[in-house]
Amino acid sequence: MNHFLAREDFPHLLSALTQAGYGCVGPQIRQGAIVFDHLHSVTQLPQGWQDEQQPAHYRLQQTDSPYWFNWSNGASAIKPYTFAPQENLWTVQRDQSGRLRFQATLPQPQKTAIIGVRACDLAALALQDQHFLHGKHVDPYYQARRESLLLIGVNCTHAAATCFCVSTGDGPDIRQPYDLLLSEIAAGFLLSSGSTAGATLAAQLPLTPASDAQQHTAQQRMQAATQQQRHLPAKPPLFAHLDHPHWQTVGARCLACGNCTSVCPTCFCHQAVEIPDLDGDTSRHERRWDSCFQPGHSYIHGWQIRSNATDYYRQWLTHKLAGWHEQFGRSGCTGCGRCISWCPAGIDLTAEVEQLV
Ligand code: SF4
Ligand code: SF4
């Protein structure tokens, strides 16, 4: 059942989270973009701000609206909170007898509540869970971070021009597991819990039953975010078009910067780097985000399989939109649109797919 939390009572949620031992993270404005960062007060939330996104374009505009979550997304998804951009996995040390001693360096993350998670990012998290947790080998580094999270989703009420989660089936309303779910209306939030931890928190809040009028308003606001300009076919047959001349056209525009893979909430490629100490007895093994747009990504045994932007882009798109169906049973795209906005060349995967199939 939906409850109502008045806007002026939202600080009670922050207090309840703090008392339960969670550090809070929420949306804030940094350098002209909405990002997730430590949240201590509701005054840090982006009240009245709305994003305007187009290919290679991201701007924030202030409005006089009372809303804190009336934007679609920012550059950073919640990916860094589970899959760290850079982390030490283990160290190896030579002891006095000359034997090598390996020591895993598992993270010990603080319990963290992320406030304002979007539908597309929860769908991406479910995909990352499939990769890191539900495969043959569980990744204990990802697992430790994942288990430290409490997820407070907020349904979208505004779709940027780059959003297409409706066509991927991932939004704008939240469809994946959450701990608490919020829908924002002018006076406050409709709130429902989706886990025991969420229900325990909700029980500490000054909630009232949501009225029919409040539920209707929330539904109408969410409906506004279903009006999306872009669309992606469910399973574009890209493997049947590997020699299409449009790969060359898009490759000529691509700068191979890797922005698209960095901002993508589902990309999980990484590289392993050995960092030997100058003492000659110690070495660290580090995992860093990698990108299929980097030359080293396809290097094996003295041979680089892909060496130009056309090949990089074809690899990225065919894997994400076609290969993932075989690996994970669905597309690797949840329609967040970030790779469109943050591509400096304005490359738009929805438009490229239209040309390719
Ligand atoms: S491919 Fe692009 S639109 Fe799809 S999830 Fe990744 S960043 Fe978002
Ligand atoms: S598609 Fe765009 S964001 Fe991705 S590597 Fe090429 S230029 Fe960079």
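Ligands are counted one by one from 1 in listed order, and the atoms in each one are counted from 1 as well. We're numbering straight along the sequence, starting at 1.
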Please report, to 0.1 Å, the donor-acceptor pairs under 3.5 Å made by any side chain of residues 73-84, with sequence neighbours excluded.
from, atom 1, to, atom 2, distance (Å)
N73, OD1, Q53, NE2, 3.2
N73, ND2, C336, O, 2.9
K79, NZ, T261, O, 3.3
K79, NZ, C264, O, 2.8
K79, NZ, C267, O, 3.1
T82, OG1, K79, O, 3.2

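Relative to atom 4 (Fe) of ligand 2, the option among G346, C292, C254, C260 with the closest non-hydrogen atom is C260.
Heavy-atom contacts from other residues, nucleotides or ligands closer than 6.0 Å to CD of E274 number more than 12. Counted within 6.0 Å of CG on D279, heavy atoms from surrounding residues, nucleotides or ligands total more than 12; the atom is thus considered enclosed. A 6.0 Å sphere centred on CD of Q110 holds more than 12 heavy atoms belonging to other residues, nucleotides or ligands. Atom NZ of K111 sits in a crowded spot, with more than 12 heavy atoms from other residues, nucleotides or ligands closer than 6.0 Å.
With a 4.0 Å heavy-atom cut-off, ligand 2 is reached by the backbone of A256 but not by any atom from C-beta on.
Protein heavy atom at the shortest distance from atom 1 (S) of ligand 1 is K320 CD, 3.3 Å. Counting protein heavy atoms only, atom 8 (Fe) of ligand 2 is closest to C257 SG, 2.2 Å. Taking atom 7 (S) of ligand 2 as the reference point, the nearest protein heavy-atom neighbour is L255 N, 3.2 Å.
Under 2.8 Å from atom 4 (Fe) of ligand 2 lies no N/O/S atom of C343, from backbone or side chain alike.
Annotation: cation-pi geometry satisfied between R221 and Y67 (NZ/CZ under 6.0 angstrom from ring centroid, within 45° of ring axis).
Ring centers of Y58 and W71: at least 6.0 Å apart, outside the cut-off.
Near F164, the atoms of ligand 1 lying under 4.0 angstrom from a non-hydrogen atom of the residue are 3 (S).
Taking the charged nitrogens against the carboxylate oxygens, R288 and D290 have no contact shorter than 4.0 Å, which rules out a salt bridge.
Neighbours of atom 8 (Fe) of ligand 1 restricted to protein N, O or S atoms under 2.8 Å: the count is 1.
Donor-acceptor pairing under 3.5 Å is recorded for the side chains of E52 and Q61.
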